[in-house]
Structure formats: C-alpha cells, structure tokens
Number of protein chains: 2
Amino acid sequence: MNLKELSEKLGLSQTTVSRALNGYPEVREATRARVLDAARHYNYSPNSRAKSLATGQSMAIGHVVPTSSTHEMVNPIFADFTAGASQTYARHGYEMVISTVLDGDEEKVYRKLKARGTVDGVLVHAPAMNDQRLSFIEKLGLPYAVHGRVSDRPEPYCWLDVNNRSAFRTATEFLLDLGHRRIALINGREEMDFAYRRRMGYLDALSARRVPPDPQLMLADEMTEFFGYRSAMQLLALPRPPTAFLVSSMISAIGVRRAAEENGLRLGADLSVMTFDDDLSYLRNGADLPIFTAMHSSVREAGRLLAEMLIDLIANPGGPRQTRLLEAELKIGRSTGPVPFAVRSA
Amino acid sequence: MNLKELSEKLGLSQTTVSRALNGYPEVREATRARVLDAARHYNYSPNSRAKSLATGQSMAIGHVVPTSSTHEMVNPIFADFTAGASQTYARHGYEMVISTVLDGDEEKVYRKLKARGTVDGVLVHAPAMNDQRLSFIEKLGLPYAVHGRVSDRPEPYCWLDVNNRSAFRTATEFLLDLGHRRIALINGREEMDFAYRRRMGYLDALSARRVPPDPQLMLADEMTEFFGYRSAMQLLALPRPPTAFLVSSMISAIGVRRAAEENGLRLGADLSVMTFDDDLSYLRNGADLPIFTAMHSSVREAGRLLAEMLIDLIANPGGPRQTRLLEAELKIGRSTGPVPFAVRSA
DNA sequence: AAAAATATCCAAAGCGCTTTGGGACGATTC
DNA sequence: GAATCGTCCCAAAGCGCTTTGGATATTTTT
C-alpha cells in the first residue's frame, strides 16, 4: 500500500492525502479524518526512503562506534547509553543507525554518512584528548553532539558530560576524610578525555590536603575486570600498599574486589574501594545498600538528554550549541571505611 | 556532489556513470577507470535514499530491542552481539538500524519497519518460549533471523543458537564428577527459550545420575549481579546449602562470588561455581587461568555468523532456512573443586 | 450583486538514483 | 558491399513521496 493506491481508494489526489497525513491546514477536517481512518485501516505508512528523498531529511541519527581490530573492546556503557538515546529518538520519529569502524577509518565513515545522506546528525562517543574527529565533522557540516568533552577545543560545540573532575575530587576527599593517605587511582586510558579529567580531580584533592601523589599508585588502561584485578594484585604486593582504591568503573572495581578477596582483605574494613557507577541496568550497584561506595550518574539518562540536544540542534542549525554538565552524586556503600589501625600506627 | 553533476563533469550520461560505478559490463574499462577516478576525486557517494528508492532495497537491517518501561533492563550481551553483527554488515554494505520498543508495541514496530521499507530484514533477539513475534514477522513477509530458537515451532526459520542444553548438561556432569550432589541452578527467566533449555540440560544430567532435583535449588530471574548475590545468600542460608552453583551468566556469577565472600567461603575450595561465559569484551574470563570454570562461547562471533546468514537469506529469499548450532566449550578455572570433606561426610 | 478573500482540492515537477529500450558506430561475417 | 553482431553510450521512465503553483468552489466583504 502506497500513497497512490491509498489516494485512489479515497478518491482524492496524492497531494491532499499527503497533506491530510502530515497535518497541513489546507484540508478539511472531515476529509482528514477520512484519510486517517483509511490509512489506519490499510496499515499505510509512508515509505521512509521516498519521504527522505523528497524532504532531504533522513530522520536518522548515526552512532559511530570505534572497534579496534586488535582488542575488540566494546565499551560496557555503550548499551545503556544507546538505550537511553534510542528512547528519545523513538519519541521524535528518528531512527538510530549504528556503524562500527576500525581505527583510522573513522573519517571515511563520517564522510560517507554525510555524502550518502544516511543520517541527519551524529552522536560522538568517547572523545579522546584533543580529538581530531570533531573539527572534521564540523568541516563536513554534519550536526553532532558529543558524549563527553574535548579539552583544548575553543570552538563551541554541543556536548553533555558528567563533571568527572569534581566527582573524582569529591571521591578522593571522601577517602582522605576517612584517613586514607595512600590512595590508588585505577583509571581508564588517559588519552581519553574523561580519564584525564578524573585524574585531575584526584590530584586536586590530594594537593589541597598536601598529600604528595605517588606515581606508583596511578594506573590507567582499558577498564576491564581483569585490569582491575591485575592492578590491585600488583599494588597490594607493594612494600607499602595503598589502603584505598579509587576505580574508574564498576567492572574494574569488581576485579579489585576479587584481588582483595584473594589477599584475604575485607572491603570496607581492611581495604576501601570507591568507584564510578554509571547505573548500568545489568549491574545495579545494590538495591538498598550499595555494594560499592560510588559516585553515581546514570548513563542512560545521559543518552536520553544528549539525544534531545542533538535533535534540537538538527531542527535549529543556526542556534546556540547547547552544553550540559551533570554532577555525579556520592552514594555511600559498604566498600569503604576508616584506615585500618595497623596501617595508621605503622 | 550528485550523479548529475558528476556526469556533467565527465561529459557522460548519468546512465553510463551509474553503470561504471556499479560494475556493469556495458561500459569500456577506460571509461570506468575515468569515472572511478572522478568519483574518488570529488568524494562522490551515491545518495543512499535515492538508491534505495530506485532499487527497492534499503540495505539496512533492523534490530528491535525490547525495553520494558518498568525494569529497563538492557541485555549485557547485546553490545557484543551487535558489535559482531555490525562488522558483517559493514563488510556487505549494510547499515544497522536499532529501535528500542516498549513491551507490547513490538508488532507495531515490525509492521512499520516493513511498511516504511526502512529495513530489508530483521534480527530477532532473545526469543521467548513459543515466541509470538516469529509468526507475525513471517506473515509480514520480512526476512528474519533469530539469535536463539523457539521451542514448539515446527515451521522452518533461520536461527543460530548455542547448544544450551548440552552445555548445561556438560557443566552439571562436571560438577557431579567432582562429587557435588546439591547443585543450585541460577538461571535466566525461564520464559526465555535459552533458559528453559539450560534447565533441561541440568535436569538431564541429574536424572542420568539418579540425583533427584530439588526445586528449592532452582531459581530463575533477570541475570543481574544482584540476582546472583541475592540467590546465593538465600541458598547458602538453607539448612542443607548447595555445594555448587551453576549460574547462567558471568554477571550473576559475580554476584554469587560476592555472596560467597560475605559468607567466608573460598571459591573452588568451600564452594564451587560454574557459569556460562559469553566472552564479553569488557568481562573476559581471565587471561591465562579463567576466573570461573565456565562453558564458553563467543556471542560476538554469534553476531558475526548470524548476520551473515540473514544477509544470505535476504539475497536468496526462496532458499532454505539456514540454521546453526554452536557447541560451548568447557574451560576449567579456579572456581570449582571437589566437595569439601565436611559436607561429604555429613 | 459583484468583488475579494478563503477554503479545499489537484496536476505536475522534482528529490537522486537505477534500469529499460533503444541508437550509433565499428568490426565481423556472408 | 550489405547484413549481422557486439560494443559503448544515451534519453527517458519510474521508484514513492513532498511541495509549488494553480484551479475551483464557497464565504465574506463591499
């Protein structure tokens, strides 16, 4: 069933039917009702390709996900973020188009997306420090919104980010208040902008208390379970091991917990662990009492909001670039406690 | 830059340029080379909407992800599965379109996808027992492939599945061989087809050894960390607690480990835990020695393969429905061991 | 009652591509 | 030398929609 057939059934022109369906005023209400009824009855939906071609809008938004051929890491927050974004898209009649791309092929993919008219805009994930992509996408003239920020980018652009710096400052202060002085930072890869900001927050808090940072205690890598485990095993074997761990993700924190367990250390008593909780749906941080003391911010909500901002930008390309900084919330759980007496007195 | 402009620059007709680009034989090789050069030079990519309209193919495949408004659960394997599928799509020039949908609206979404010509086929996730979707999609005439199977469906359809039954039979036998008799099953929701099959495999092994199943030891729910934790806490508090846990997902197994830890039980010594390892990229089951003894099968590889099968089906709609059953592999880790002596002698 | 304004509808062009049905030309065959 | 056959190219139709620029009734205004 297409527009032509539908209009023939109704004894109307395609013009009138199209206008009736799209809410234009040049059609009598009685006629519009008749058209809508018929459309429902015949299960008519306009062909999206034809519509796109005619309007010049694709009503789709692209997410380009980098996938290295070597480590094949998929960001664990990706699923929840896109689920949030997708809800917004659905509400506004947009489709979500996802492409994975090998490192280095990114520009080619963005260029194609633009040239082929596949999408009306793109959502940029996981920006690195001084990310090259943004100025490239900007030059292409493709509307875009960034999940995170790019340091050293003076040009305005549309972004939404968690205040990673203040979150990690708060977390570090919390641990300092408990008496911890040797606090390990298990961070994400520090070429990533968010990881860099987190380290800054951690250092802010240390220097405010005149605690000299120990480079031995600061590790950074892909935030897997195994990285958390390996880092903790290594640090706990030091002559003067850390008494607290600040871990950039729940997944890695779980690895830290495993290492603690193997060392016979009880969380919250012998060892304190804090983490950043993205509120992943399959990994909720406890129902009543949180498993981990954590800085908490829903990545799904971030997806919903940022999608909204991008849609606004597409609708209003000349408008100002919206930005939004979310504050993470401290949630105290069972994984932290005061420095053990043995260490304190040592 | 569109086809018209490109052909004008070349002094050729649109027909010839189109044919040159699409590899048709009616064009001289010298001309084709000239056209390809120009296309590269001007960064020309054909508008995908126009192409779709002309060919009737959308070169896109839909993934419809159910999202309940109440629990908002995103399947943790989703990201890895789609990453795999997406690689295949990219290789074949397909786009991946993802829609989330609230419970109950599924038929509407599939119908729209078909009527609007947004996709050439769909990939069906997480089929339930006797899933209604398949016959509906079949009736719509939309090519589809299923990740998993649907019991009690006599009609042929394209699917790829892990042999869940044999995997859980093997796992249970492994635990029985270690002397365990009270083996808990922490399963996914048993309306889901895969969970039902897993339970069957578990029961197969028990009955082959004449171990009567204890309904108290069989729990099923959404496979979150918390569900694993809560289940284990509950079961370990029984008068005669299980000595082994067979857990349907790594995430829940991590929850079980947390419960074991809180009860002061060492994995592999005081308590055995086995799980199913989908080889998620952010949750690799150990580098050298696996954390958990597990049945192992890569869900990313599943995505790659199934996408390939769906593309075949779209290219050859009259052809036979391909099916594929993957066997999971037993990987022995540190989380299992013989029944503790205290229990054995009790 | 005539003129102007408004409401309601339609024919046709156009979005950028593919594909059908030739046409022109040189090479081959009889 | 005419008929046949490939080779190489083109004009135009068509995919299903939106939208422009009227056309025709119907009201409203003067």
Side-chain angles (χ1 to χ4, degrees), chain A residues 1-36 38-39 42-60 93 95 112-120 315, chain B residues 1-36 38-39 42-60 93-95 111-120 315:
Chain A
M1 173 66 58
N2 58 21
L3 186 63
K4 192 175 166 196
E5 289 165 28
L6 184 64
S7 59
E8 279 165 4
K9 294 235 191 245
L10 282 160
L12 291 168
S13 76
Q14 297 189 34
T15 309
T16 304
V17 175
S18 169
R19 285 181 164 157
L21 292 172
N22 291 318
Y24 283 79
E26 301 96 329
V27 47
R28 202 176 6 161
E29 279 313 315
T31 314
R32 188 193 305 281
R34 212 160 60 90
V35 171
L36 288 174
Y42 292 111
N43 259 322
Y44 169 78
S45 289
N47 182 295
S48 61
R49 308 283 150 169
K51 190 164 183 164
S52 294
L53 188 56
T55 59
Q57 289 199 306
S58 67
M59 294 308 283
E95 305 286 347
K112 271 214 175 134
L113 245 33
K114 169 71 179 178
R116 307 178 57 173
T118 316
V119 300
D120 294 333
Chain B
M1 173 64 58
N2 58 24
L3 185 63
K4 192 177 167 197
E5 289 167 28
L6 184 64
S7 60
E8 279 165 4
K9 295 237 189 239
L10 282 161
L12 291 168
S13 75
Q14 297 189 34
T15 310
T16 303
V17 176
S18 168
R19 284 181 166 157
L21 292 173
N22 292 317
Y24 283 78
E26 300 97 330
V27 49
R28 205 178 0 160
E29 278 313 314
T31 313
R32 188 193 305 282
R34 213 160 58 91
V35 171
L36 289 174
Y42 293 110
N43 259 322
Y44 169 77
S45 289
N47 181 294
S48 60
R49 309 282 151 168
K51 190 163 185 166
S52 294
L53 189 56
T55 58
Q57 290 199 305
S58 68
M59 294 309 283
Y94 277 86
E95 305 286 346
R111 197 197 300 283
K112 269 215 178 131
L113 245 33
K114 169 69 178 180
R116 307 179 57 174
T118 315
V119 300
D120 293 334

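Note on naming: letters A, B, ... go to the chains in the order of the sequence lines (proteins, then strands), and numbering restarts at 1 for each one. We use all heavy atoms of the structure for the numbers below, so side chains are in, but hydrogens, waters and symmetry mates are not.
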Peer 1: What's the closest nucleotide to the B:Ser13 side chain, out of C:dC17, C:dC10, D:dA11?
Peer 2: D:dA11

Peer 1: Given D:dT7, is OP1 or OP2 found less than 4.0 Å from the side-chain N or O atoms of B:Tyr24?
Peer 2: no

Peer 1: With distance as the sole criterion, do the side chain of B:Thr15 and the base of C:dT19 form a donor-acceptor contact below 3.5 Å?
Peer 2: yes

Peer 1: Taking 4.0 Å as the cut-off, does a side-chain nitrogen or oxygen of B:Lys51 come that near to OP1 or OP2 on C:dT18?
Peer 2: yes

Peer 1: Compare side-chain N and O positions of B:Ser18 against OP1 and OP2 of C:dT18 and report whether any pair is under 4.0 Å apart.
Peer 2: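 Affirmative; the distance criterion is met.
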
Peer 1: Taking the side chain as every heavy atom from C-beta outward, state whether B:Lys51 and A:Arg49 have any atom pair closer than 4.5 Å.
Peer 2: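 No, every pair of side-chain atoms sits at 4.5 Å or beyond.
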
Peer 1: Does a nitrogen or oxygen in the side chain of B:Thr31 sit under 4.0 Å from OP1 or OP2 of D:dC9?
Peer 2: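 For D:dC9, OP1/OP2 do have a side-chain N/O of B:Thr31 under 4.0 Å.
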
Peer 1: Does the side chain of A:Asn22 get closer than 4.0 angstrom to OP1 or OP2 of D:dT18 through an N or O atom?
Peer 2: yes

Peer 1: Is the shortest side-chain heavy-atom distance between A:Asn43 and A:Met1 below 4.5 Å?
Peer 2: no

Peer 1: Side chain of A:Thr16, heavy atoms from C-beta onward: which of D:dC10, C:dC9, C:dT18 has the nearest atom to it?
Peer 2: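 Among the listed nucleotides, the one closest to the side chain of A:Thr16 is C:dC9.
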
Peer 1: Is A:Leu21 close to A:Leu36 at the side-chain level, that is, under 4.5 Å between some pair of heavy atoms?
Peer 2: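 Contact flag for A:Leu36/A:Leu21 side chains = yes.
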
Peer 1: Is there a side-chain contact between A:Arg34 and A:Leu12, using heavy atoms and a 4.5 Å cut-off?
Peer 2: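 Yes, at least one pair of side-chain atoms sits under 4.5 Å.
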
Peer 1: Closest-nucleotide mapping onto DNA chain D: is B:Thr55 or B:Val27 further toward the 5' terminus? I mean the 5' end.
Peer 2: B:Val27

Peer 1: Can you identify which nucleotide, out of C:dG16, D:dC9, D:dC17, has its nearest atom closest to the B:Arg28 side chain?
Peer 2: D:dC9

Peer 1: Between B:Asn47 and B:Arg19, name the one whose nearest nucleotide on DNA chain C is closer to the 5' end.
Peer 2: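 With B:Asn47 and B:Arg19 compared, the 5'-side residue is B:Asn47.
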
Peer 1: Whole-Å distance between C:dA13 P and A:Leu3 CG?
Peer 2: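 About 18 Å, once rounded to whole Å.
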
